[in-house]
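To start, the structure itself, in structure tokens.
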Number of protein chains: 2
Amino acid sequence: MATTTIKDVAREARVSVASVSRALNGGRGVTAETSQRIREAAARLRYMPHAAARMLITRRTNTIGALLPDLYGEFFSELIRGIDLAARARGLHLLVSSSHDDADAAAAALRAMQGRVDGLLLMSPHADAAFLHQNLPHDLPTVLMNTRLAGDGYCALSVDNDGGARLMVEHLLAGGHQRIVFIQGPPGNRDAGERELGYREALASHAPDSPVIMLRGDFGEESGYRAGHQVLAMRPRPDAVFAANDMMAIGCMAALREAGICMPEEIAVSGFDDVPMARYVTPPLTTIEVHIAELGSQAMELLGEQIDHPDQAVTGVHRRVAAKLVVRGSTSAAAR
Amino acid sequence: MATTTIKDVAREARVSVASVSRALNGGRGVTAETSQRIREAAARLRYMPHAAARMLITRRTNTIGALLPDLYGEFFSELIRGIDLAARARGLHLLVSSSHDDADAAAAALRAMQGRVDGLLLMSPHADAAFLHQNLPHDLPTVLMNTRLAGDGYCALSVDNDGGARLMVEHLLAGGHQRIVFIQGPPGNRDAGERELGYREALASHAPDSPVIMLRGDFGEESGYRAGHQVLAMRPRPDAVFAANDMMAIGCMAALREAGICMPEEIAVSGFDDVPMARYVTPPLTTIEVHIAELGSQAMELLGEQIDHPDQAVTGVHRRVAAKLVVRGSTSAAAR
DNA sequence: ACTCGACGTGAAAACGTTTACGTTGCCGCC
DNA sequence: GGCGGCAACGTAAACGTTTTCACGTCGAGT
């Protein structure tokens, strides 16, 4: 039925299949007029080359795979958007596989992608070195995103959590704040850990006299609320709060507001992520914006390079995508 | 290099390639012990069948394509999650292509998917009947999502905007509200139009004496804020606002709060979508929750059926995914 | 004028599978 | 004991491309 093959086009244009292939791909080794005739025939028959056959002989799928964890919210959406954009620009398709709960599921998903993709974008909490070595064909170009594995032969790319956190602390210090509380993320969470590290570093280098004050949290709004109460109970009272993410900052603000604390005058509050909600709370939340789409795009770029030039592959590099300070009313009365 | 083919396995297991294929796929027509030996050999060599070769001969890609508009926010993320989950359950891969701005780009993306997918999930503002007829191979199973095309030979699935809006109006009426303002979405937007329709229907059937009051909006928070001011100027003053989406409802609430209006006592406010922010504004926003992930899953299910049984394909059906009323403090003082 | 190279074109091999079709050997039945 | 049937297995064709190679043919250089 409808499946018109290259042979049909060849017959229609009164040439051999080889010429059709040449005319439609490179265009070299075939007269302009012949090429023209072939193109017309192809258009007339609505010919579309059979992708699988081409993959088989070419060894190129023109597809990249993205293996992602079970993500909620707009982080995922932004990431895919960035990846898709960069992939489209390179004429590559995108095969995604999200929500694999355990390491086995991830491994299965990874195996299933075998041979369907030219390269892999991998972001998974299960992706430790052993896992990779076990499940990754070592000749498949791969870029790791937000992984704890630096170097180790793989390309990696992640958000500059340290840098962002340092920016925030510097901003708070510049605002004259002395006692800055940090609300931690869930234990073991890499992003949270890096943000904490940035906080410590910035304090150590810019204000060695300022105390390091830690409160527990788990990225949930509730835990921020509880931390807020703890802040209220402290003596001397802190004059700034830096939460490891926006949701906790928002929870904390709720607690402070209930206690009648004036923000930012009495206590400044800041978060990390720049979730959409951040600009709508009162006062609007100062936070760190991370360009997630760019994380995706850059990872895709890196992967593209690796695919196009497998020989001079830049392995072991670990790039970071910049984080940006967004000042709003919760830390600066000046900021409208 | 490493690419081990079925021949290698055959040699290793001392059988023919046909037996390997049989053992690894159906398992029929081959002794248990031979099968065992073959499996062992395959495992030893880390054999993975070449996907492209299999597609070529089988005419099945085990992949479905999702063509999506340029979406922001968690709607997209939820949708993909739902699709991916259902696809995984059926052992299908997911090829996504988002962010195609104009009809040409969409058409190109669609053509490029040709032959790589067994079926298509399509959500696109450009997908009118002519577009589909022009660019869709008519033998490719397809499910349309959130489209204005009902019937017309295609399967379609969309959010029950009417139903949701009716639920909300009924809720407001039940709360004793008489003068309910509706804040419209952008002109031409399908979801917005259906929600408005639901509002009109519910009023007409349950409270024919209540006035139909419309205010313009564009789904943006700003437009909700402006609408809020208009509400304040109305005499007699409305006692409830139903915004076509949450962001406008939030904007409206800001305007009312500034004017010292007590919510929900003086004016109740409600939205549509149940964005994450909805539960964090004060008072928490009553809204309609639409299970986006389920939209994706159900679409995938429908498509799966169509693929598995192309003969008895259910074409022309138009299913709707339910919307759910979520009552919070902005319409009910009782709701904590 | 003859050779040589370049160029356009066609025939055929190759890619790795699945599957239709033979072939073999075994078992049971008359 | 021969024969039919069946199950296990092998051979080879087919899927639709790309690409290598060979074969002209034509133009230019000696």
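Convention: sequence-line order gives letters A, B, ...; per-chain numbering from 1. A quick note: this is a predicted structure, and the numbers were derived from the prediction, not measured.
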In whole angstroms, the gap separating P of C:dT17 from CZ of A:Arg54 amounts to 21 Å
**Message:** Quick check: do A:His318 and A:Ser158 have side-chain heavy atoms less than 4.5 Å from each other?
**Reply:** yes
Rounded to whole Å, CE of A:Met55 lies from P of C:dT17 at a distance of 15 Å
If each end axis of the helix from C:dA1-D:dT30 to C:dC30-D:dG1 is fitted on five C1' pair positions, the angle between them, to 10 degrees, is 60°
Whole-Å distance, B:Arg59 CZ to C:dT17 P, equals 18 Å
When B:Gly29 and B:Ala53 are each assigned the nearest nucleotide of DNA chain D, the 5'-most assignment goes to B:Gly29
Applying side chain to side chain contact (heavy atoms under 4.5 Å, CB included) to B:Arg39 and not counting sequence neighbours gives B:Leu24, B:Ser35
Indicate every side-chain donor-acceptor pair of residues 108-116 of chain B with a distance under 3.5 Å to a residue at least two apart or in another chain.
residue: B:Arg111; atom: NH1; partner: B:Asn135; partner atom: OD1; Å: 3.4
residue: B:Arg116; atom: NE; partner: A:His93; partner atom: NE2; Å: 3.4
residue: B:Arg116; atom: NH1; partner: A:Thr61; partner atom: O; Å: 3.1
residue: B:Arg116; atom: NH1; partner: A:Thr63; partner atom: OG1; Å: 3.2
residue: B:Arg116; atom: NH2; partner: A:Thr61; partner atom: O; Å: 3.2

B:Leu56 CG to C:dA14 C1', in whole Å, measures 12 Å
List every contact pair, protein side and nucleotides 19-28 of chain C side both N or O, where the distance is under 3.5 Å.
none

> Quick one: are B:Ser19 and B:Ile38 in side-chain contact, heavy atoms under 4.5 Å?
Replying inline: yes
Chain A reaches DNA chain D, atoms under 4.0 Å from its heavy atoms, from D:dG16 to D:dT20
With sequence neighbours left out, the residues meeting side-chain hydrogen bond (donor to acceptor under 3.5 Å, both in side chains) with B:Arg46 are none
Side chain to side chain contact (heavy atoms under 4.5 Å, CB included) filter on B:Val17, not counting sequence neighbours, yields B:Ile6, B:Lys7, B:Ala10
Taken in chain and number order and not counting sequence neighbours, the residues that satisfy side-chain hydrogen bond (donor to acceptor under 3.5 Å, both in side chains) with B:His50 are A:Arg59
Across all chains, not counting sequence neighbours, the side-chain hydrogen bond (donor to acceptor under 3.5 Å, both in side chains) partners of B:Glu12 are B:Arg44
The salt bridge (Lys or Arg N to Asp or Glu O under 4.0 Å) partners of B:Glu294 (sequence neighbours excluded) come to none
side-chain hydrogen bond (donor to acceptor under 3.5 Å, both in side chains) filter on B:Ser297, not counting sequence neighbours, yields none
Side chain to side chain contact (heavy atoms under 4.5 Å, CB included) filter on B:Arg319, not counting sequence neighbours, yields B:Leu157, B:Gln298, B:Leu302
